[in-house]
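Here's the structure, in structure tokens; my notes come after.
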Amino acid sequence: MPSSHPRSAAVAALVATALATGLLAGSADAAEGSAADGPVRIHDIQGTTRISPLAGKQVADVEGIVTGVRTYGSRGFWIQDPDADDNDATSEGVFVFTSSVPTVTVGDAVKVSGTVGEYVPGGVNSGNQSVTQISKPVVTVVSAGNALPEAAAINEYTVPAEYAPAGDPAAAGSINGLALEPARYALDFYESLEGMNVKIGTSRVVGATDPYSELWVTVKGWENTAKRGGTIYGSYESQNTGRLQIQQLAPLAQQPFPVANVGDKLTGTTEGPLDFNQFGGYTLVARTLGTVKAGTLAPEKTKAQAEHELAVATYNVENLDPTDPQAKFDALAKAVVENLASPDILALEEIQDDNGAKNDGTVSAEQTLTKFTAAIAAAGGPAYQWRTVNPEDKKDGGEPGGNIRQVFLFNPARVSFTERAPGDAVTATGVVQENGKAALTHSPGRIDPANPAWADSRKPLAGEFAFRGKTVFVIANHFGSKGGDEGLTSHHQPPVRSSEAKRLLQAQAVNGFVKEILAAEKNANVLVLGDINDFEFSATTNALADGGALYPAITSLPKSERYSYVFQGNAQVLDQILTSPAIKKFTYDSVHINAEFADQNSDHDPQVLRFKP
């Protein structure tokens, strides 16, 4: 990542902050400025746990061969002791943080004096593991042109099948103080190689190249394989041990980073130091980068609905507003028409107001929706109409000033919208019984907007539709994000998923509303859909389905096809459509058009369900 990338600047700022505050606290008896007794080797610094036994201490003349130099972001270099000890738990490599551009070269034999510390990428409150490093270094180059220590192999034979040890209950679930068992746990294996020269062979890409010039591979080609080449995250215990993030040491101006999609191969040898960062954990920062061999993956196209079938879809269009280039509108519109086969009802998430992130009190999305529906018509799609409820300014979270909301698009040639005293941002829709059938008091309307569960979050949008004489209730959702959750590589095991508490309350609110509809009409057709921001096996989904009120339709797919999003190389479910018991027969499709590709119109894949009411 060049230093011009905002995330690189953030990394540099975090480094500076951590250094200014003394990094992670060292051991209680580490007297500042004291020297370690005798010659200190790198494996003495790394020790047999995640925290250096010398944290906070000064070390002198630590010897090693330079294996990688980073001139941007967190500037510094890695050194490795070519004379390893006989303990697999102790790494022989360490990062030397220089703050300025390093003056050493790969192959230099150096002696480094400085302060040992534990830097936590993202800050101590992130839950991330720390990186053992030497800061404020004084560096002496002893010789140049030395052979590098042989790279440690990371492959399906060396990475253990078990992901991580259980955290120590006496240390709030942290694994920092536990002795490393690199032959037993994958996280311990990677930690035992922290800062060392490592290599992988030809590996399958499981996370496409992102805007920050990084991709993800798996060194275990058989591990929870997705039908289209990714790696499925199908439970909290399926972390997928073979995943590894790949970056490069060369600045992009010197060497463009390869563009890869899921299912491509990173061929040959990729070799360099093993780092740890806040945006993915253990990362091979390649000094030598393999070659991408393109696969055959193409965006999917769903089957068109039959005349008697109602097609309902959900699509997160990623902060769409009129300031976006026309090309984004056109690409999204083309996807609606060609990849989603022009669904009869389309619930959209992340429709922004008419001037996007400009924070001036605007809440209407009239221009956004006019522009989008016009683009759909121009792409050969239907003349969609829309229904929505404008949010209160700055009350629904998302990008500041953007006022994202859910919107219903519907094809009036196929389906009609039942207007019932349209609600506003603060008025709750309810359920009444009319002639033995359920009906909404406000359509469109919001569900329980005053409920604290929806504070700074999108309120569900409920609408009543009619298709071939049958009523269909559709509830469009965009639950709270996973922001604040710890990553899978957290030093807490299992990681703390603090965001789940809010989504659980949101799911309970929606489930309660669906039960009101079903109490008024047992066989009502109800669809709950949207960006649920949680997995099909999560407590959130279980709460939505509570009491048999709803069925998560994505679970009707084979496990290898259950995903709508790819995060850190894990193909996972965030977007869902859930059905009421009356909807017994349906076809479901997670339409993979974005998440697996470097070139994305959104980071989510849309979902489509077809059924006969």
Side-chain angles (χ1 to χ4, degrees), residues 24 27 40-55 62 64-65 67-68 78-96 116-121 128-134 148-168 171 174-201 217-220 239-246 270-277 280-287 487-493:
L24 189 68
S27 57
V40 173
R41 304 278 289 278
I42 292 174
H43 49 250
D44 297 325
I45 294 172
Q46 287 284 7
T48 58
T49 70
R50 287 171 164 78
I51 305 299
S52 170
L54 301 179
V62 179
I65 307 293
T67 60
W78 289 266
I79 58 173
Q80 183 167 332
D81 191 334
D83 186 14
D85 65 6
D86 58 1
N87 189 342
D88 288 342
T90 57
S91 170
E92 302 295 341
V94 72
F95 183 66
V96 180
V116 175
E118 293 286 343
Y119 166 60
V120 182
N128 284 329
Q129 295 184 53
S130 58
V131 178
T132 303
Q133 65 179 31
I134 302 173
L148 302 189
E150 183 179 356
I154 297 177
N155 57 42
E156 60 183 323
Y157 304 108
T158 60
V159 180
E162 198 169 352
Y163 191 68
D168 182 356
S174 176
I175 58 175
N176 275 342
L178 302 180
L180 296 175
E181 297 183 70
R184 182 175 180 184
Y185 301 112
L187 282 192
D188 287 10
F189 171 76
Y190 290 124
E191 177 64 21
S192 74
L193 299 176
E194 179 195 78
M196 288 179 60
N197 189 37
V198 300
K199 66 180 178 181
I200 62 171
V217 299
T218 180
V219 299
K220 295 184 176 181
Q239 301 96 331
N240 293 311
T241 58
R243 293 174 304 113
L244 191 64
Q245 189 177 47
I246 307 295
T270 297
E271 181 175 329
L274 187 66
D275 194 19
F276 185 97
N277 67 60
Y282 293 104
T283 300
L284 196 168
V285 190
R287 188 181 59 252
L488 294 179
T489 54
S490 169
H491 75 88
H492 295 119
Q493 290 295 327

statement: Value for CD (Glu92) from CE (Met196), rounded to nearest 0.5 Å, stands at 6.0 Å
query: So which heavy atom on Leu187 is nearest to which on Leu488, and how close?
result: CD1-O, 4.1 Å
message: Please enumerate all residues that pass side chain to side chain donor-acceptor pair (under 3.5 Å) together with Asp275, with sequence neighbours excluded.
response: Arg70
- prompt: Among all residues two or more places apart in sequence or in another chain, which pass the side chain to side chain donor-acceptor pair (under 3.5 Å) test with Thr218?
  reply: none
field: Partners meeting side chain to side chain donor-acceptor pair (under 3.5 Å) with Glu191 (sequence neighbours left out)
entry: Tyr282
query: salt bridge (charged side-chain N to carboxylate O under 4.0 Å, His left out) with Arg287: which residues, sequence neighbours excluded?
result: Glu271
message: When you measure from the side chain of Gln245 to the backbone of Val217, do you find a donor-acceptor pair of N or O atoms at a distance under 3.5 Å?
response: no
- request: Please name the pair of heavy atoms, one in Thr132 and one in Ser52, separated by the smallest distance, quoted to 0.1 Å.
  value: CG2-CB, 3.9 Å
task: Could you list the residues that satisfy side-chain contact (heavy atoms from CB on, under 4.5 Å) with Ala179, not counting sequence neighbours?
output: none
field: Smallest separation among heavy atoms of Thr270 and Ala286, with atom names
entry: CG2-CB, 3.8 Å
- prompt: With sequence neighbours excluded, what pairs up with Arg243 under the salt bridge (charged side-chain N to carboxylate O under 4.0 Å, His left out) test?
  reply: none
task: Just jot down the side-chain contact (heavy atoms from CB on, under 4.5 Å) partners of Thr49, sequence neighbours excluded, or say none.
output: Ile51
Using a 3.5 Å cut-off and no angle test, enumerate the donor-acceptor pairs between side-chain atoms of residues 149-161 and protein atoms at least two apart in sequence or in another chain.
residue: Asn155; atom: OD1; partner: Tyr157; partner atom: N; Å: 2.8
residue: Asn155; atom: OD1; partner: Thr158; partner atom: N; Å: 3.0
residue: Asn155; atom: OD1; partner: Thr158; partner atom: OG1; Å: 3.4
residue: Glu156; atom: OE1; partner: Trp222; partner atom: NE1; Å: 2.9
residue: Thr158; atom: OG1; partner: Ala153; partner atom: O; Å: 3.0
residue: Thr158; atom: OG1; partner: Asn155; partner atom: N; Å: 2.9
residue: Thr158; atom: OG1; partner: Asn155; partner atom: O; Å: 3.3

message: I'd like to know if the side chain of Ser91 reaches the main chain of Gly93, judged simply by a donor and an acceptor atom lying under 3.5 Å from each other, with no hydrogens or angles considered.
response: yes
query: Is any side-chain heavy atom of Ile246 less than 4.5 Å from a side-chain heavy atom of Ile200?
result: yes
message: Restricting to side-chain contact (heavy atoms from CB on, under 4.5 Å), what partner residues turn up for Asp88, sequence neighbours left out?
response: Pro182
query: Taking all atoms of both residues into account, what is the closest heavy-atom pair of Pro53 and Ile45, and its distance?
result: CD-O, 3.4 Å
Heavy-atom donor-acceptor pair, Thr283 side chain to Gly281 backbone, under 3.5 Å: yes
- prompt: Out of curiosity, Lys199 NZ to Leu274 CG, how far, rounded to the nearest 0.5 Å?
  reply: 15.0 Å
query: Does some side-chain heavy atom of Thr489 sit less than 4.5 Å from a side-chain heavy atom of Phe276?
result: yes
- prompt: Where the side chain of Asp188 meets the backbone of Glu181, is there a donor-acceptor pair that is under 3.5 Å apart?
  reply: yes
field: Taking every non-hydrogen atom, the tightest pair across Glu194 and Val131
entry: OE2-CA, 3.5 Å
query: Does the Asp81 side chain pair with the main chain of Asp83, one donor and one acceptor, at a distance under 3.5 Å?
result: yes
- request: Determine the minimum heavy-atom distance between Gly272 and Leu284, stating which atoms define it.
  value: N-CD2, 3.6 Å
- line: Sorted by chain and residue number, the side chain to side chain donor-acceptor pair (under 3.5 Å) partners of Ser174 (sequence neighbours excluded) come out as His491
task: Apply the side-chain contact (heavy atoms from CB on, under 4.5 Å) test between Gln80 and each candidate in Leu148, Ile65, Asn197; give the one that qualifies.
output: Asn197
message: Once salt bridge (charged side-chain N to carboxylate O under 4.0 Å, His left out) is applied, do any residues pair with Asp85, and if so which ones, sequence neighbours excluded?
response: none
